[in-house]
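Owing to the predicted nature of the structure, the values given are computational and were not obtained by experimental measurement.
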Amino acid sequence: MESTDRTPPAVVDEAAFSVTRSIAIAASAAKVWRAITEPEHLSLWFGRTVLDGAGVGTMTFDGHGVVPIRIESIDAPRSVTYRWSNDNALGRMPAEVDEANSTVFTFTLEPEGDGTRLTVVESGFDRTSDPLANLESHREGWNIELDKLVALFGGHE
């Protein structure tokens, strides 16, 4: 899927060991908030998400497997941060979030006209088995996954 000026591709910052992508979504911040925080909505565009009452659980991706995940912080309805052990270069996923080998990603929402600006920043790649390979893999992943989120809203409120 080609990115437009409203959905530019993710960018890698090798010095900061981070990936960033900022997109415009034709939906209210309240709708986007639900899409990035509620498991049944996350499952529609991201991985199949299961979270317990404490915000600990898994995301399952076809062809990739089960990734342990947990919510690190919430500043509703502005931002949510997740930690996951999604070290693609390692070739296997641990059963639970591994503090020594995990990254965090934060979704931040800002109203923009009639829609919402969503920015994701994933960092901590220096803690993974192969930082440069994981940066590239996750850059590609954020392009694919966030394009699905934009498509979910169909460009309409």
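- Here the side chain of D87 pairs a donor or acceptor atom with the backbone of L90 at under 3.5 angstrom.
- Cluster annotation: V121 is not connected to V32 through the hydrophobic network of ILVMFWY side chains, with a link wherever side-chain heavy atoms come within less than 4.5 Å.
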Step-by-step side-chain contact (heavy atoms from CB on, under 4.5 Å) determination, L51 to I71: CA-CA 9 Å; L51 294 171; I71 296 173; 4.0 Å; yes

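- Checked by atom type and distance alone, the side chain of T128 pairs as donor or acceptor with a backbone atom of F125 at under 3.5 Å.
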Residues V80, T106; criterion side-chain contact (heavy atoms from CB on, under 4.5 Å); working and verdict: CA-CA 6 Å; V80 59; T106 300; over 6 Å; no

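- Summarising the geometry of A54 relative to D52, their closest heavy-atom pair is N-OD1, 2.8 Å, with the distance given to 0.1 Å.
- Residues E122 and T103 share a closest heavy-atom pair of OE2-OG1, 2.6 Å.
- Taking all atoms of both residues into account, the shortest heavy-atom contact from T49 to M59 is OG1-CE, 3.4 Å.
- The number of heavy-atom neighbours closer than 6.0 Å to CD of E140, taken from other residues, nucleotides and ligands shown, is above 12.
- Two residues are said to be in side-chain contact when any heavy atoms from C-beta on lie closer than 4.5 Å; N88 and H64 meet this criterion.
- F105 is not listed as a side-chain neighbour of T81, based on a closest heavy-atom distance of 4.5 Å or more.
- In summary, R83 and D98 do not engage in a salt bridge, as defined by a charged side-chain N under 4.0 Å from a carboxylate O.
- Checked against the 6.0 Å centroid threshold, W33 and F107 do not count as a close aromatic pair.
- No more than 12 heavy atoms of other residues, nucleotides or ligands shown are found within 6.0 angstrom of CG on D62.
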From CA spacing to verdict: side-chain contact (heavy atoms from CB on, under 4.5 Å), T20, T119: CA-CA 7 Å; T20 302; T119 301; 4.2 Å; yes

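- Looking at R117 and E112, a side-chain N of the basic residue comes within less than 4.0 Å of a carboxylate O on the acidic one, giving a salt bridge.
- In this structure, the ring of F153 has its center no less than 6.0 angstrom from the ring center of W45.
- Put simply, the side chain of R21 gets close to the backbone of N143: a donor and an acceptor are under 3.5 Å apart.
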Full working for side chain to side chain donor-acceptor pair (under 3.5 Å) between D13 and S18: CA-CA 5 Å; D13 181 339; S18 67; 4.6 Å; no

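- Considering every non-hydrogen atom in both S85 and P94, the closest pair reads CB-CG, 3.5 Å.
- Residue-environment remark: CD (E14) stays at or below the threshold of 12 foreign heavy atoms within 6.0 Å.
- Proximity of R70 to E96: side-chain heavy atoms (C-beta onward) are nowhere separated by under 4.5 Å.
- Residue T108 comes nearest to S79 through the heavy atom pair OG1-CB, 4.0 Å, listed as atom of the first residue, atom of the second, then distance.
- In the hydrophobic clustering of ILVMFWY residues, with side-chain heavy atoms under 4.5 Å counting as a link, I74 and I36 come out together.
- Side-chain heavy atoms closer than 4.5 Å link hydrophobic residues (I, L, V, M, F, W, Y) into clusters, and following such links, possibly through other members, connects V150 to L152.
- Criterion: ILVMFWY side-chain heavy atoms under 4.5 Å apart, direct or through other members. Under it, V11 and L149 are not part of a common hydrophobic cluster.
- Using a 4.5 Å cut-off on side-chain heavy atoms (C-beta onward), L146 and V120 make contact.
- Considering only heavy atoms from C-beta on, H138 comes within 4.5 Å of N86 through its side chain.
- Hydrophobic clustering (ILVMFWY, side-chain heavy atoms < 4.5 Å, transitive): L118 and V104 are in distinct clusters.
- E72 and W84 are not linked by any side-chain donor-acceptor pair at a separation below 3.5 angstrom, with hydrogens and angles left out of the test.
- A pairwise comparison of heavy atoms in A133 and A89 identifies CB-CB, 4.3 Å as the closest pair.
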